[in-house]
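Values below: every heavy atom of this structure, side chains too, minus hydrogens, waters and symmetry copies.
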Amino acid sequence: MQLDERKMKILQAIIRNYLETGEPVGSRTISKYTDLHLSSATIRNEMADLEELGYILQPHTSAGRIPSDKGYRLYVDNMMREKEKEVDEIKGMLLEKEEKMDQLLKQVAKVLAANTNYATMISAPQSRKNKLKFIQLSKVDAGQLLAVIVVEGNVIKNNMLHLKEDLDDETLLKLNILLNTHLNGLSVEEINLAMISAMKKQAGIHSDIVSEVIDAVADAIKADEDLEIYTSGTNNIFRYPELADNQKASELINTFEEKQMLTELVQETLADESNTGIQVYIGEETPIRTMKDCSIVTATYELDEGMRGTIGIIGPTRMDYDKVVDTLKTLMHQLDTLYKKK
């Protein structure tokens with residue numbers, strides 16, 4: 001059912017006041033909080049209608065009202081429609097070395113937690129394309145080769161190969177040319193047995209090196225690579241009485257420490273390739289069992305060449321959704337600006 005303007009304003013006032021105080025909201029508070037200039041009796045009638053429709057709840061007799069998950073959902077959907085045009089998607093960002101990206105992601109999680117007073121998470125970017133860009137074999141010493149493998153998104157993987165025989169510079173150059181000529185731009189699925197056989201034949205007595213490099217390439221660009229997730233602000237959970245109960249807080253902290261359920265949330269989010277915006281999960285909507293009393297706001301960021309990851313902010317259902325969405329928008333814009341300067 002579509003709410004009329006008056007009911008919608010009263011619902012928004014209840015939600016905003018509850019977000020600020022954490023206390024049930026009464027009709028007298030609403031009469032002061034809105035510009036509707038309605039009597040307390042009229043507001044009580046409207047609140048009764050909202051309660052009957054399932055948008056608000058009365059936790060105790062004679063107490064004020066609090067928003068239900070359905071009420072939060074309507075509030076968020078309306079807010080998101082208003083803000084949708086303002087949301088900047090991340091694009092044009094260039095990944096640098098993994099170490100620098102790790103530092104950036106850890107800092108992002110820390111800043112988000114400090115700015116929102118909620119718990120935060122961010123996943124390292126994962127490639128959807130999983131294709132090889134470049135291979136560089138370099139001699140470390142007489143018995144070792146360093147294979148530097150660059151996959152799309154400029155993600156770099158280093159593998160040390162142990163040799164049975166020494167290689168001269170000319171042979172090393174030929175192997176680099178052979179590998180790059182045949183493998184550049186290919187995914188694991190496109191590297192077939194016939195191609196491997198032809199490369200081994202051309203490599204002659206060095207065919208074992210070709211086999212090892214191909215195994216290293218497969219490891220570097222495999223699609224099921226473990227996700228790296230960075231978290232911050234877990235202790236912020238204790239700021240909110242409804243989450244500070246010993247059992248609830250313990251379950252939430254374990255979720256952040258073990259990260260398995262966070263990984264599943266990220267994988268579910270990234271599985272939808274059309275999802276590049278902000279998603280809001282409220283209460284029972286949350287896909288993580290231990291977070292049924294929480295709300296989760298996620299943003300999917302997309303870097304250069306199909307690299308995607310997830311940013312998440314976790315707090316109580318009385319979360320300040322406007323602030324969280326604006327913070328994520330600002331973060332996306334700053335990251336986009338930062339990488340466009342590279």
Side-chain angles (χ1 to χ4, degrees), residues 12 15-22 67 72 75-76 78-80 82-91 93 100-125 227-244 248-249 252-253 255-257 259 262 265-266 269 275-283 286 288 291 293-303 308-341:
Q12 288 173 338
I15 291 175
R16 287 181 179 276
N17 194 272
Y18 184 65
L19 291 176
E20 291 177 6
T21 67
Y72 278 130
Y75 173 78
V76 168
N78 274 278
M79 180 191 71
M80 294 298 288
E82 293 171 4
K83 294 180 179 291
E84 189 174 7
K85 294 180 181 179
E86 303 173 25
V87 176
D88 294 325
E89 297 177 0
I90 296 180
K91 51 189 175 180
M93 293 173 64
K100 186 167 184 179
M101 177 55 64
D102 288 350
Q103 293 171 7
L104 173 63
L105 296 180
K106 289 175 184 176
Q107 185 64 23
V108 165
K110 184 177 179 180
V111 169
L112 279 179
N115 287 351
T116 63
N117 289 324
Y118 301 128
T120 61
M121 54 157 278
I122 183 167
S123 70
L227 275 173
E228 187 71 45
I229 296 179
Y230 306 95
T231 61
S232 186
T234 308
N235 288 337
N236 286 340
I237 289 168
F238 296 108
R239 292 173 178 264
Y240 306 98
E242 61 267 47
L243 301 179
K248 289 180 182 177
L252 286 170
I253 289 172
T255 300
F256 278 93
E257 289 179 348
K259 298 184 181 178
L262 295 180
L265 170 64
V266 170
T269 303
N275 175 19
T276 56
I278 293 176
Q279 302 293 315
V280 180
Y281 303 93
I282 299 170
T286 60
I288 298 178
M291 294 183 176
D293 295 312
C294 302
S295 285
I296 305 175
V297 183
T298 65
T300 299
Y301 66 89
E302 186 163 353
L303 309 184
R308 303 169 80 228
T310 298
I311 306 170
I313 298 178
I314 301 96
T317 53
R318 61 184 177 97
M319 174 187 286
D320 188 338
Y321 296 97
D322 294 270
K323 180 179 179 181
V324 168
V325 171
D326 283 341
T327 300
L328 287 175
K329 283 168 43 190
T330 301
L331 170 65
M332 288 180 168
H333 176 72
Q334 289 174 342
L335 287 174
D336 191 40
T337 302
L338 172 68
Y339 277 88
K340 279 184 177 177
K341 290 180 180 177

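We find the CG-CZ distance between N235 and R239 to be 9.5 Å, quoted to the nearest 0.5 Å. Here the CD1 atom belonging to I122 is positioned 10.0 Å from the CD1 atom belonging to I313, to the nearest 0.5 angstrom. Atoms CD and NZ, on E228 and K259 in that order, are 6.0 Å from each other to the nearest 0.5 Å. Within the model, atoms OG1 of T255 and CD1 of I237 stand 8.5 Å from one another, a figure rounded to the nearest 0.5 Å. Here Y281 contributes atom OH and I296 contributes atom CD1; the two are 8.0 Å apart, rounded to the nearest 0.5 Å. Atom CD of residue Q279 and atom OG1 of residue T298 lie 5.5 Å apart, to the nearest 0.5 angstrom.
Contact annotation: the side chain of T317 never approaches that of D293 to less than 4.5 Å [non-hydrogen atoms, C-beta and beyond]. Contact check for K248 versus E242: no side-chain heavy atoms found under the 4.5 Å cut-off. Looking at heavy atoms from C-beta onward, N117 lies in side-chain contact with Y240 at the 4.5 angstrom threshold. Contact of the L331 side chain with the T327 side chain is not registered, since no non-hydrogen atoms from C-beta on lie closer than 4.5 Å. Y118 is listed as a side-chain neighbour of M319, based on a closest heavy-atom distance under 4.5 Å.
A salt bridge links R16 with D322: the distance from a Lys NZ or Arg NE/NH1/NH2 to an Asp or Glu carboxylate oxygen falls below 4.0 Å.
Closest of all the heavy-atom pairs between S232 and K110 is OG-CA, 3.5 Å. The minimum heavy-atom distance between A249 and F238, with the atom names listed, is CB-CE2, 3.5 Å. Shortest non-hydrogen contact noted between C294 and I314 is CB-CG2, 4.1 Å. For S123 against V266, the heavy-atom pair with the smallest separation is OG-CG1, 3.6 Å. Heavy-atom minimum distance, M121 versus L262: SD-CD2, 3.8 Å. Closest approach of A299 and L328 over heavy atoms only: CB-CD1, 4.1 Å.
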message = Would K329 and D326 count as a salt bridge (charged side-chain N to carboxylate O under 4.0 Å, His left out) here? Give the steps.
response = CA-CA 5 Å; K329 283 168 43 190; D326 283 341; 3.4 Å; yes
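Judged by distance alone, the side chains of S295 and Y321 do bring a donor and an acceptor atom under 3.5 Å apart.
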